[in-house]
Colleague: 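What follows is a single structure, and I will ask about it in a moment.
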Amino acid sequence: MKKLLTMKSLPLAISLLFAANVCHAQLSGAAVVAGDTVAPASAVVPPESADNVSAKGFIFPKLGYFDNSGNPAYLNQYNLLDSTSGSNTSNGFIADLDFQLLFKEDGDTLFLEKEGYGENSQRLRLLSSFRPAKFKAYYSTFKTVSGSFDFLYNPDMVVGGTDPRYGDPAQNKVDRSGYVADFTNDSPTVSEYAIRRSTYGGSLLLRPEALTEHGFSAELSADGYTRQGNQVSSYILNEGKQNPSQANPESEQWRGYSNSVDEKDAKLAFNLNWTPDKEWFFNYEFFVDRFTNETLPATFGDVANWSGIPRFFARGTDLLTPLNFVPDSTQYRNALRLSKTFGDTAALSAGASYATLQQDTYSEPQYASGYDDGNTNTGSAYLNGKFNVSQSVGLEAFARYNQRQNNSPYPVENFYEPVSAQRDPRMVMPRIDNYRNIVYGLEAKLYPRVLKTTWSAGWKYESKENELTWGTEPALAPPVTLYGTEYKANEVFIKLVSHPTTGLTLRATPSYLWADETQLATNPSEMFKFKSSAIYTDPEWNELVVTGYYNYSRKLNDSLSFSDYDVAPAGFADPQNQEVENTMQSFGVNFSFVPEEDLKLSLGYDWSQNDLSAYYFSTNRLRFDFPNPGGPNNHPTVPLEFLILDQFNYNVTSQTVSAGIEKKWENYLFSGYYSLMLANGDNGNGLAGVSLPVVDDKTDFRLHTFSLGMDYEFKENMIFRATYIYDRYEDNSYESLTGSRNSLCLGVIFRL
């Protein structure tokens with residue numbers, strides 16, 4: 001069971017690994033952010049600001065070598081390298097060609113850009129501008145591992161992935177959770193899990209010169225993506241579905257398999273803007289989005305074939321039952337927005353949208369039961385108003401409304417119904433019939449000139465409401481779930497923006513929220529938040545730029561509970577209240593300055609902590625095996641009991657340190673970069689089976705990234721470029737994932 005990164009550490013890991021992408025990070029004047037690369041300053045500027053030249057750009061042939069040691073599975077999740085010949089992901093050579101070309105004549109421009117590093121990472125972009133239209137097109141493909149690569153990804157392959165203590169009655173007093181002690185891999189021959197995502201699209205923007213003064217523009221765009229590969233999926237097989245002759249059915253319940261992925265999505269959109277005069281703005285948008293799943297779902301029948309045991313399932317089990325059915329679907333949406341300004345005194349804006357999402361394909365059990373109309377409609381609207389009482393006082397009011405209606409057929413006999421006579425009814429969770437969300441609030445702003453400070457205070461009210469239909473036998477019922485139907489919360493906040501001295505900007509926003517009712521344990525019944533930031537710039541002192549931030553939030557919820565079920569007399573009793581406390585903090589500071597004309601330095605530090613505690617409940621029944629005496633189940637006379645085993649505590653701290661340097665010396669440009677990301681803490685303790693397995697009990701990993709780059713201009717318009725990058729991932733809890741990578745790239749830039 002591979003543990004997840006914290007919410008803070010995951011984006012940091014992705015950004016660091018993208019920033020370290022071979023031959024991309026050292027582009028002179030370039031920035032690599034989330035896979036989108038800005039053109040090198042030394043090569044070509046975007047067409048909007050280019051000089052009036054006929055041709056400009058560069059061509060960059062390059063050759064790289066990489067070598068992985070240990071298990072590079074973690075690194076491959078964000079940057080999977082593959083040799084140009086032989087498809088070797090352990091080591092090999094990668095040859096590629098980058099270029100940027102700009103053609104311009106009489107104000108019309110054509111810009112073409114291509115960058116990549118092997119088959120698994122390619123990007124292509126085309127921009128053209130000619131009066132009175134602009135055209136854009138793009139294509140990219142990127143491949144990453146989805147679980148692990150050349151490493152069998154299932155709990156049995158990792159020490160602590162399964163815990164036999166759960167199957168020992170002497171150590172695990174809570175009955176019927178022993179399946180955690182064993183795991184069955186339904187795809188034992190598969191060890192390579194990877195996903196390739198390709199995106200593409202284009203747009204045409206028209207701005208007729210005759211309507212330029214009215215701000216008229218119309219844009220037609222088409223976008224899409226494909227995802228292909230396979231990923232790990234797991235499921236719990238209900239004991240009632242197994243052959244009764246199974247000696248130890250619980251050992252066969254926790255299962256996993258290789259789930260094929262072959263998806264396509266295409267979107268067509270039309271956007272219209274119009275400003276009839278300086279005070280009015282009009283916008284209309286329409287789009288249709290079509291999703292297609294080309295993969296047949298894995299079914300119980302597939303599991304039976306994989307296992308090689310025809311009588312693995314009990315008689316009467318529907319072998320066409322899908323494990324992972326993802327239907328084709330189509331969404332249509334219309335949106336209209338209007339805004340009106342009244343000089344410098346007031347502004348009013350409003351908008352509304354309507355969308356419908358329909359299911360286009362259905363699983364075999366849905367067809368058999370007559371479920372053939374999956375349809376959900378969503379409507380939303382907003383209204384904002386601003387009024388300047390004076391130059392120092394402003395008022396703002398806002399309101400938003402959203403409603404989602406499930407218009408799918410209901411009830412559907414033997415498939416989706418509140419009361420079922422079936423041995424294993426398919427409705428095990430409540431149906432969401434309708435969802436409504438209303439938000440409105442007020443904000444007052446003060447602009448006193450003397451203090452160089454902007455103050456604002458506001459209030460926000462939010463209401464959420466679900467209309468749910470619950471199953472009665474033997475499905476779930478409200479007293480045994482942590483679900484509520486209403487959420488009502490008030491929030492007050494203060495915003496402060498101050499400029500106490502030249503070059504310094506301070507921002508702070510404290511807020512407090514309280515909720516009378518909550519729907520989920522993750523909804524706060526009480527929350528305090530504080531967000532702050534500081535920016536200081538001094539161009540005259542080595543172009544100094546300092547940025548910093550501190551954020552804090554504390555969420556509490558004790559408003560929801562479970563209830564036991566007593567069979568004699570039948571009814572619910574002994575509620576167990578859930579208590580959740582989640583504290584999150586983050587802090588960071590970054591410096592950049594230029595001590596000399598040819599020397600640039602940067603330094604940064606980020607820290608975050610997530611401290612979560614909540615009750616850990618267990619029960620003597622599987623979650624969906626509800627013991628209603630009047631319903632058909634295997635154990636009608638066993639009472640349902642919820643037990644508080646412990647209060648698990650999750651406390652993980654993440655830190656990132658980064659430093660960069662760039663030095664220009666004669667015809668050479670040297671650059672270096674280093675970053676260290678580390679996270680450590682406890683995921684939980686004191687649960688059933690004495691404690692969590694080691695692999696899940698602790699978070700303790702480090703990610704090092706070190707890079708060196710050199711540019712040498714040995715001829716006019718010719719630059720030799722060399723880049724070396726070293727990545728090292730160390731996981732002290734999950735030692736099987738420790739690995740490193742060395743990368744070297746050489747190339748020559750030919751500037752036009």
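All heavy atoms count here, side chains included; hydrogens, waters and symmetry mates do not. We're numbering straight along the sequence, starting at 1.
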Colleague: Is V303 close to Y235 at the side-chain level, that is, under 4.5 Å between some pair of heavy atoms?
Modeller: yes
Colleague: When you measure from the side chain of N324 to the backbone of A298, do you find a donor-acceptor pair of N or O atoms at a distance under 3.5 Å?
Modeller: yes
Colleague: Under the side chain to side chain donor-acceptor pair (under 3.5 Å) test, which residues partner Q578, sequence neighbours left out?
Modeller: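 Applying side chain to side chain donor-acceptor pair (under 3.5 Å) to Q578 gives none.
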Colleague: Check for me whether R404 meets the cation-pi criterion with Y435, that is, NZ or CZ under 6.0 Å from the six-membered ring centre and within 45 degrees of the ring axis.
Modeller: yes
Colleague: With a 4.5 Å heavy-atom cut-off, do I195 and V261 have their side chains touching?
Modeller: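 In short, these two side chains touch, coming nearer than 4.5 Å.
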Colleague: In this structure, which one of D433, N377, N434 forms a side-chain hydrogen bond (donor to acceptor under 3.5 Å, both in side chains) with Q405?
Modeller: N434
Colleague: Between CD of E730 and CG of L737, what distance do you get to the nearest 0.5 Å?
Modeller: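 Spacing of CD (E730) from CG (L737) equals 13.0 Å.
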Colleague: Are the side chain of S408 and the backbone of N375 linked by a donor-acceptor contact shorter than 3.5 Å?
Modeller: yes
Colleague: Restricting to salt bridge (Lys or Arg N to Asp or Glu O under 4.0 Å), what partner residues turn up for E735, sequence neighbours left out?
Modeller: none
Colleague: Could you tell me which residues satisfy side chain to side chain donor-acceptor pair (under 3.5 Å) with E517, sequence neighbours excluded, listed by chain and number?
Modeller: none
Colleague: If you round to the nearest 0.5 Å, how far is CH2 of W306 from CG of N185?
Modeller: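 So the gap between those two atoms works out to 10.0 Å.
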Colleague: Test of understanding: with side chain to side chain donor-acceptor pair (under 3.5 Å), list the residues that count as partners of R702, not counting sequence neighbours.
Modeller: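 Here the qualifying residues are D700.
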Colleague: For D265, what residues pass the salt bridge (Lys or Arg N to Asp or Glu O under 4.0 Å) criterion, not counting sequence neighbours?
Modeller: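 Partners of D265 under the salt bridge (Lys or Arg N to Asp or Glu O under 4.0 Å) test: none.
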Colleague: Below 4.5 Å, heavy atoms only, C-beta onward: do Q576 and S561 meet side chain to side chain?
Modeller: no
Colleague: Do N79 and N120 have side chains that approach each other closer than 4.5 Å (heavy atoms only, starting at C-beta)?
Modeller: no
Colleague: Would you check if the side chain of N466 reaches a backbone N or O of L468 as a donor-acceptor pair within less than 3.5 Å?
Modeller: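 No, because the side chain of N466 does not come within donor-acceptor range (under 3.5 Å) of the backbone of L468.
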Colleague: Using only atom types and a distance under 3.5 Å, with no angle test, would you say the side chain of T317 pairs donor to acceptor with the backbone of F313?
Modeller: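 The answer is no, because no donor-acceptor pair under 3.5 Å joins these two groups.
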Colleague: What are the two closest non-hydrogen atoms of V580 and A614, and how far apart are they?
Modeller: CG2-CB, 4.0 Å
Colleague: When rounded to the nearest 0.5 angstrom, what is the spacing between OG1 in T89 and CG in D82?
Modeller: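 Here the interatomic distance stands at 6.5 Å.
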Colleague: Taking the side chain as everything from C-beta on, heavy atoms only, tell me whether L678 gets closer than 4.5 Å to F701.
Modeller: no
Colleague: Students often mix this up, so state it plainly: with edges at 30° and 60°, are the rings of F183 and W254 parallel, tilted or perpendicular?
Modeller: perpendicular
Colleague: Decide side-chain contact (heavy atoms from CB on, under 4.5 Å) for Q253 and D182; before the verdict, give the C-alpha distance in whole Å, the side-chain angles of both, and the deciding distance to 0.1 Å.
Modeller: CA-CA 8 Å; Q253 289 190 265; D182 301 278; over 6 Å; no
Colleague: Are any non-hydrogen side-chain atoms of Q519 and T485 less than 4.5 angstrom apart?
Modeller: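 The answer is no, as the side chains (C-beta and beyond) never meet within the 4.5 Å cut-off.
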Colleague: Could you tell me whether a side-chain N or O of N76 sits under 3.5 Å from a main-chain N or O of Y78, the two making a donor and an acceptor?
Modeller: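 Between the backbone of Y78 and the side chain of N76 there is no qualifying donor-acceptor contact (under 3.5 Å).
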Colleague: Is it true that T330 and D360 share a donor-acceptor pair across their side chains at a distance under 3.5 Å?
Modeller: yes
Colleague: What heavy-atom pair brings A194 and S146 nearest, and what distance separates the two atoms?
Modeller: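 Closest heavy-atom pair between A194 and S146: N-OG, 3.5 Å.
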Colleague: Do F291 and Y225 make a side-chain contact, defined as non-hydrogen atoms from C-beta onward lying under 4.5 Å apart?
Modeller: yes
Colleague: Would the distance check show the side chain of N557 and the main-chain N or O of N523 forming a donor-acceptor pair, the cut-off being under 3.5 Å?
Modeller: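 Yes, N557 side chain to N523 backbone: donor-acceptor pair under 3.5 Å.
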Colleague: Checking T141 against R196 for the side-chain contact (heavy atoms from CB on, under 4.5 Å) test, could you report, in this order, the C-alpha distance in whole Å, the side-chain angles of both residues, the deciding distance, and whether it holds?
Modeller: CA-CA 7 Å; T141 183; R196 177 183 293 278; 3.0 Å; yes
Colleague: Measure from the side-chain N and O atoms of Y371 to the backbone N and O of A368, and report whether any donor-acceptor pair falls under 3.5 Å.
Modeller: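 No: the side chain of Y371 does not pair with the backbone of A368.
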Colleague: Is there a side chain to side chain donor-acceptor pair (under 3.5 Å) between D731 and T738? Walk through the geometry before answering.
Modeller: CA-CA 6 Å; D731 197 320; T738 295; over 6 Å; no
Colleague: Please determine whether the number of non-hydrogen atoms from other residues, nucleotides or ligands lying under 6.0 Å from atom CG of L296 exceeds 12.
Modeller: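 No, because the 6.0 Å sphere around CG of L296 holds 12 heavy atoms or fewer from other groups.
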Colleague: Just by modelled atom types, is the N259 backbone N or O under 3.5 Å from a matching donor or acceptor in the S233 side chain?
Modeller: no
Colleague: Are P365 and P322 side-chain neighbours, meaning at least one heavy-atom pair lies under 4.5 Å?
Modeller: yes
Colleague: Can you find a side-chain donor-acceptor pair between S559 and T518 that sits under 3.5 Å?
Modeller: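 A pair is found: one side chain offers a donor N or O, the other an acceptor, under 3.5 Å apart.
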Colleague: What closest approach, in Å, do D318 and F300 show between heavy atoms, and which atom pair accounts for it?
Modeller: O-CD1, 3.7 Å
Colleague: Determine whether F142 and L80 satisfy the following criterion, side-chain contact (heavy atoms from CB on, under 4.5 Å), listing intermediate values before the conclusion.
Modeller: CA-CA 9 Å; F142 200 75; L80 175 61; over 6 Å; no
Colleague: For L520 and Y483, work out which heavy atoms get closest and say how close.
Modeller: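 Smallest interatomic distance, heavy atoms only, reads CD2-CD2, 3.4 Å.
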Colleague: Is T299 reaching over with its side chain to a backbone N or O of T321, donor-acceptor style, under 3.5 angstrom?
Modeller: no
Colleague: Show every salt bridge (Lys or Arg N to Asp or Glu O under 4.0 Å) that has at least one partner inside residues 254-263, sequence neighbours left out.
Modeller: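 The answer is D186-R255, R227-E263, E252-R255.
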Colleague: Are the side chain of Y362 and the backbone of D372 linked by a donor-acceptor contact shorter than 3.5 Å?
Modeller: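 Flag set: sc Y362 to bb D372 pair under 3.5 Å.
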Colleague: If you compare all heavy atoms of Q77 against all heavy atoms of G147, which two are closest, and at what distance to 0.1 Å?
Modeller: NE2-O, 4.2 Å
Colleague: What is the distance from atom CZ of R290 to atom NZ of K264, rounded to the nearest 0.5 Å?
Modeller: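 That separation rounds to 11.0 Å.
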Colleague: Could you measure the distance from the CG atom of N293 to the OG atom of S329? Nearest 0.5 Å is fine.
Modeller: 9.5 Å
Colleague: How long is the span from the CG atom in L703 to the OG atom in S654, to the nearest 0.5 Å?
Modeller: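 The CG atom of L703 sits 11.5 Å away from the OG atom of S654.
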Colleague: Assess whether side-chain contact (heavy atoms from CB on, under 4.5 Å) is satisfied between N610 and Y650, documenting all intermediate values.
Modeller: CA-CA 8 Å; N610 186 10; Y650 173 90; 3.7 Å; yes
Colleague: For a side chain to side chain donor-acceptor pair (under 3.5 Å) check, start with the C-alpha distance between Q609 and T653, then their side-chain angles and the critical distance, and finish with the verdict.
Modeller: CA-CA 4 Å; Q609 183 183 69; T653 300; 3.3 Å; yes
Colleague: Exactly one of D727, N91, N68, D67 should register a side-chain hydrogen bond (donor to acceptor under 3.5 Å, both in side chains) with R741. Which one does?
Modeller: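 Only one option passes, and that is N68.
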Colleague: Work out which heavy atom in Y615 is nearest to a heavy atom in N577; give both atom names and the distance.
Modeller: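 Smallest interatomic distance, heavy atoms only, reads CD1-O, 3.2 Å.
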Colleague: Could you tell me whether the side chains of Q366 and Q359 share a donor-acceptor contact shorter than 3.5 Å?
Modeller: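 Side-chain D/A pair, Q366 to Q359: present.
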Colleague: Are S258 and S187 close enough that a side-chain donor and a side-chain acceptor fall under 3.5 Å?
Modeller: no
